[in-house]
Structure formats: structure tokens, C-alpha cells
Amino acid sequence: MTVYRVINQDPKVSPQTAAAVQQAMRNLNFIPAGRRNAKGLGFDDSFLEIKHRRFAFLIPDINVAALQTPLTGRLLHGIDTVLAPRGLDLSLTRLPAKGQLPDLITKRNVDGVIVRSNLKDDYPVAKLQSLPCVWLMESREQAPAGDIVHTDDAAIGHIAAQILLKREIRDVAVINECEGHDSYMKRINAFTSALQGTGAKIHRIEADNEKIDHMVALIKEFVSKNSKTQAFFLPGTMPILNRLHQALISSGRDPSKATVISASYDPEVTDSIRPKPIHVDSLPEELGEAAAELLLWRLSHPNAADRRISLTPRVIGKP
């Protein structure tokens, strides 16, 4: 947020802080959106003539449905915001088969790749690393070598806990439909850690990639038996939020009296629910922008050390 305020010339930022941020931006060759051009990023004119002027955004999944999610759309929009003004082409692609890369990558018809990271390494990482590559939303501790852009997952859990502490809520349920998901677990661990020693009672409703009907049954059972639970923290996907809302209504409880904190990737759907849950947004558009900026930076700094960029989420809705 400090960088955002400096970029937008917020008068509340002290001159010393503004000067430090501006110097860091110069050191990193970072130019804010709307003020960018190839020369401003430290590239000379030859950059615009190299190879194909084309980049790939790879979804490491063989299912075409993975290209159609709200998250993919938001990430793609952020990437395109950086590349399109420079006249650079972007191809959205997926795995043609398990363990195989698309031809435009294997035949090196692109100048670089942004990979939407996946919990499963079912694609040939080494071949990807032969090109300039940025791993987007990579949350694992043992991540592939290379540049990484991701959300500060611990901050999501911490923000959620602080909201409940401010509201003096001490009985909360965590609903997680993917027990082995690294990002979700980091959010949950930070959430529970922040509530330690506060007298909070934390319930866990979890499953490991079970069918949605299984999670719905668990949620309904919990809601019907735990009327004193005042809040729910959902670190994962959108469908669970809808099912929780329905479970509260069907059990005779007033959803407006429950505090629901969501960290899904689709705030538009969150906005359609009444009463609105509190949404901790992981900023997919900004993640896409940062990944594209980092990939361009890598082209002009091929021998620099790997970089990891972490973005702090923000709260949408009344905390």
C-alpha cells in the first residue's frame, strides 16, 4: 500500500518514505502501469525486435475448463495490461496431454513463459526453464527454480484473524475443501496462530478434494449442531461460500448475524451474496501485472539471481 500511495502521490506519505520507494523503483527498473514503455524499463530498441515478440501464459492442466475460470481471466487481464501497450503478443495455452508442453513452447516460438503454478508437477519443469520463465502464484516451499510472483498467503490469514478480534468474536469455523493445498494451509496456519492466546475456539471443517456434495454435507451438519459459532473463515474457492450461505438459511439461522470472511478469487460473485461477506482479495490482476513486469525484467537481466515477489492482499467490504 505504501508503494501504491507513492505512485499516486498521496500527500500522507512522508517525503523520506516517498524518496526511498522512488529510489527502489529506479533500482528495479519498475515503471507503474500507465507510464510504461520499453525504454522506460531499461530496454533498448533492439528488445522490441528480438525473436517473436510473443509470450505464453501456460495453465498446467489438460482440462480446457481451467482456461475458463474467473481466476484465469483476472490473471490474464493483468498480464495483458503490461504486454499489450508494448505491442507484445500473448498466447493463453494449456497442456495438450499429461506431461507434455504445447508446441509453441517446445519449438521456442515465444520469448518467455508465465506459468500459473500448480500443486502437481505433472509437466516437464526442466523444459520450461530453458526459456525465461516466471512461476505465478507459486506457494510451495520447494518451488521450482526461477522467478516467482505470489500472494502473501500468511497475510490473508492474519487479516482475517484481526477482523474477528476487532469484532470480539471468539467462536469461528474454518472451512477448507482442499486439505493439502499449500496456499490454503498457509492462510489457515496464520489465522490460527494469530488467534492463539485470545480464548478463541476454532473449529475445522476440512476435506481433501472430496466432491462438493461431501463438503456440503459436512457444512450442513456443522451449522445445525453449532449455533454458537459466530464466524466462518473460507480460505478457498467460491462454491463453498455459496453452500455455507445456503446451509445457514436452511438451518433457520440469519446469515446477517454471522461474520463470513472469504479469500476466494471471484469478488464479483462474493458481491452478489446478501449479506455481503468480507472478501480478502489476493489481487490477481496485480499478480498478473507483476509477473509480466518481472518476465520483461528477466529478459534484460538473464544472469541475475532468481527473484520472488510477494503481494499483500487487501480487504473488500466492511471489516
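The basis for the numbers below is simple: all heavy atoms, side chains too, and nothing from hydrogens, waters or symmetry mates. Numbering of residues begins at 1 and proceeds along the displayed sequence.
Judged purely by atom type and a 3.5 angstrom limit, H158 has no side-chain atom pairing as donor or acceptor with the backbone of A154. A donor-acceptor contact shorter than 3.5 Å is absent between the side chain of S193 and the backbone of N189. With hydrogens and angles ignored, the 3.5 Å screen pairs no side-chain donor or acceptor of N226 with any backbone N or O of K228. Checked by atom type and distance alone, the side chain of D111 pairs as donor or acceptor with a backbone atom of R54 at under 3.5 Å. Side chain of T72 to main chain of A66: a donor-acceptor pair is present (N/O by atom type, distance under 3.5 Å, no hydrogens or angles). Side chain of D153 to main chain of R187: no donor-acceptor pair is present (N/O by atom type, distance under 3.5 Å, no hydrogens or angles).
When all heavy atoms of L248 and A258 are compared, the closest pair comes out as CD1-CB, 4.3 Å.
The side-chain heavy atoms of R116 and L71, taken from C-beta on, include a pair separated by under 4.5 Å. Under the 4.5 Å side-chain criterion, counting only non-hydrogen atoms from C-beta, L92 is in contact with I59. Looking only at side-chain heavy atoms (C-beta outward), H150 and R308 come within less than 4.5 Å of each other.
For the side-chain contact (heavy atoms from CB on, under 4.5 Å) with L244, the lone residue among I175, V216, I249 that qualifies is I175.
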>> Would I156 and F233 count as a side-chain contact (heavy atoms from CB on, under 4.5 Å) here? Give the steps.
In response: CA-CA 10 Å; I156 290 177; F233 174 47; 4.3 Å; yes

> Stepwise, does the side chain to side chain donor-acceptor pair (under 3.5 Å) test hold for Q230 with D171?
Replying inline: CA-CA 6 Å; Q230 304 162 283; D171 194 313; over 6 Å; no

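Salt bridge status for R298 with D147: present, with a side-chain N to carboxylate O gap under 4.0 Å. Using a cutoff of 4.0 Å between basic side-chain nitrogens and carboxylate oxygens, R314 and E286 are scored as salt-bridged.
Atom CZ of residue F232 and atom CG of residue L164 lie 11.5 Å apart, to the nearest 0.5 angstrom.
More than 12 heavy atoms of other residues, nucleotides or ligands lie within 6.0 Å of NE2 in H203, so this atom counts as buried by the packing criterion. Heavy-atom neighbours of H245 NE2 from other residues, nucleotides or ligands within 6.0 Å: above the threshold of 12.
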